[in-house]
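Heads up: the structure comes next, in structure tokens.
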Amino acid sequence: MKSGLKKSLYFGLAAVSVLATAGFATKADAASYAKVTSNKTLTTAATSRNVAPNGTNALYTKAGTLKGAKVVASKSTMAGLASSKSSKNYFRAYQIATTNRGSVYYKIVSFDGKYRGWIYGGKSTSAFGGGISAVNTTKSAALPAATTGYTIKDVKSNTLWNYPGYTQYKASKVNMNAYKSTDTLTVKAAETKAREGSLYYQVTDDQTPSITGWIYAGGLKSDAAVGNVTINYDNAAGQVVGTYNWGVPASALKSGAATTTGTKLSDILTDPTSVWSTAVKNVPAGYTVTNSSTVADNATLGGSFSVQVIPANTAQTVSFFSTGSGQALVGTTNPTLSAADKALLSGKTGETIPASTWTSAAFLPGGDLYSIANPNGGTYTFDATTTAQRNTTYTGNITLFYK
């Protein structure tokens, strides 16, 4: 009886102890969670609330120390967004909350709308801190050398935005319904995207001023020339066989480039190789360039430079002769030259015909220039020796001999 009473008392006290402990734990856990003492919408200018994460704090569905807070983006994810080279991964802060522990939390959303939640913002409500920092999404840039006379290359590929593309939350495209492809634009300002480094111009439509916004600089073109360069084409004897006067377009220049006479083009062009490519594209008909692109390295605005040229490969007129008579074959059905044959027998006027030409497959047994049927019976076969002797250079006409 005493023993049973002791056991009853023991288990009874144990149960009370467990319940008491559970009660204390519940009170302790409840006390461990923070409470929000203030929650407000931010009212300062939206563009002043652009932030970037630094990877020290995760993004939560509510302040991270509140009961029930769940992770939206881990610290590692936020670190990846912090080092991103895309403007889409900046954030806009739009709500602020403080807790009874003096911690500040901001509700933020990524510019592309993919991530939205609360992040620790430090202990002060006067400046962003903790897991985020204030950020400028663009940097100022110099205006182009010429600011007028621009047109859009392809409005479907590059159009106007109310801000440089994706450098603000909900940046949007400008309504271009009234725009005409012949409209000209004037550049008013210039900025580069801080992460990508791409250059944007703020432009206004000269014909419809209500159309104004930001456009990627590479999406503009201008026929206005800021200066000229004369390209001389010299033959082997040093004689000028042609010239090309290149008007250097404003759209080809670096932002803020000098346009005074004598300025080296390699210093002011966004693509210095365009000097040489322009020279090659405008070579006189019947010629081809021989020297390298380095001749254009010192080309200057308002100056000139020389390019060496030689006659281009030209197809030769082909005749078929008899070795015995020294005259053109009569009554024979001569071969029709294929494209490969024409290429084989083409060369620069005045240059030596390679000896290997006459041992090519076209002139060997089975080749289409090897033999010609003799209307009197038998066949004529190619005479490589005589042909090589009579055709030493490309003169515009090649005589093939058969015996």
Side-chain angles (χ1 to χ4, degrees), residues 141-155 157-158 180-192 197-207 215-312 348:
L143 290 172
T147 58
T148 60
Y150 288 90
T151 56
I152 300 176
K153 293 179 181 178
D154 182 356
V155 74
S157 301
N158 295 105
K180 296 181 178 61
S181 60
T182 55
D183 288 0
T184 57
L185 306 170
T186 296
V187 177
K188 302 291 187 179
E191 291 184 353
T192 55
S198 48
L199 177 63
Y200 275 71
Y201 289 142
Q202 185 183 40
V203 297
T204 298
D205 189 311
D206 298 324
Q207 287 70 43
I215 186 171
Y216 172 56
L220 294 176
K221 63 180 180 179
S222 174
D223 295 328
V226 296
N228 298 306
V229 179
T230 301
I231 305 171
N232 295 316
Y233 297 93
D234 297 347
N235 63 15
Q239 300 168 322
V240 177
V241 296
T243 61
Y244 179 74
N245 190 35
W246 183 36
V248 181
S251 56
L253 303 183
K254 295 177 181 176
S255 178
T259 57
T260 53
T261 299
T263 302
K264 286 183 65 174
L265 293 180
S266 58
D267 293 335
I268 62 175
L269 292 175
T270 53
D271 179 14
T273 65
S274 61
V275 183
W276 179 250
S277 60
T278 298
V280 173
K281 284 190 295 186
N282 293 284
V283 66
Y287 289 89
T288 186
V289 173
T290 62
N291 52 347
S292 72
S293 61
T294 57
V295 301
D297 288 349
N298 294 315
T300 60
L301 202 62
S304 64
F305 68 97
S306 296
V307 175
Q308 295 175 357
V309 295
I310 58 174
K348 300 177 180 68

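All heavy atoms count here, side chains included; hydrogens, waters and symmetry mates do not.
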Heavy-atom pair of closest approach, residues [X] and [Y]:
X    : Y    : answer
S274 : W246 : OG-CH2, 4.0 Å
P249 : S222 : CB-O, 3.5 Å
P284 : G242 : CG-CA, 3.9 Å
Y287 : P311 : CD2-N, 3.7 Å
T259 : L301 : O-CD2, 3.4 Å
A190 : A142 : CB-O, 3.5 Å

Give the C-alpha distance, both sets of side-chain angles, the deciding distance and a yes or no for side chain to side chain contact (heavy atoms under 4.5 Å, CB included) between T273 and S293.
CA-CA 8 Å; T273 65; S293 61; over 6 Å; no
Nearest 0.5 angstrom please: [X] [atom1] to [Y] [atom2], how far?
X    : Y    : atom1 : atom2 : value
D205 : K180 : CG    : NZ    : 8.5 Å
S304 : N228 : OG    : CG    : 12.0 Å
I310 : N291 : CD1   : CG    : 10.5 Å

Main chain of N232, side chain of T243: is a donor-acceptor contact present, judged purely on distance under 3.5 Å?
no
Under the side chain to side chain contact (heavy atoms under 4.5 Å, CB included) criterion, do V203 and T186 qualify, and how do the steps go?
CA-CA 5 Å; V203 297; T186 296; over 6 Å; no
I'd like to check the side chain to side chain donor-acceptor pair (under 3.5 Å) partners of T184; sequence neighbours left out, ordered by chain and number.
D206, Q207
Residue pair W276, V289: steps toward the side chain to side chain contact (heavy atoms under 4.5 Å, CB included) verdict:
CA-CA 11 Å; W276 179 250; V289 173; 3.4 Å; yes
When the side chains of residues 233-240 are checked against the rest of the protein, which donor-acceptor pairs come out under 3.5 Å, sequence neighbours left out?
residue : atom : partner : partner atom : Å
Y233    : OH   : A279    : O            : 2.6
Y233    : OH   : N282    : O            : 3.3
D234    : OD2  : S306    : OG           : 3.4
N235    : OD1  : A237    : N            : 3.0
N235    : OD1  : G238    : N            : 3.1
N235    : OD1  : Q239    : N            : 2.8
N235    : ND2  : Q239    : OE1          : 2.9

Side-chain donor-acceptor distances from residues 143-153 under 3.5 Å, at least two apart:
residue : atom : partner : partner atom : Å
Y150    : OH   : A146    : O            : 2.7
K153    : NZ   : G218    : O            : 3.0

When you look at Y216 and L199, which way does the side chain to side chain contact (heavy atoms under 4.5 Å, CB included) test go after all the steps?
CA-CA 6 Å; Y216 172 56; L199 177 63; 5.6 Å; no
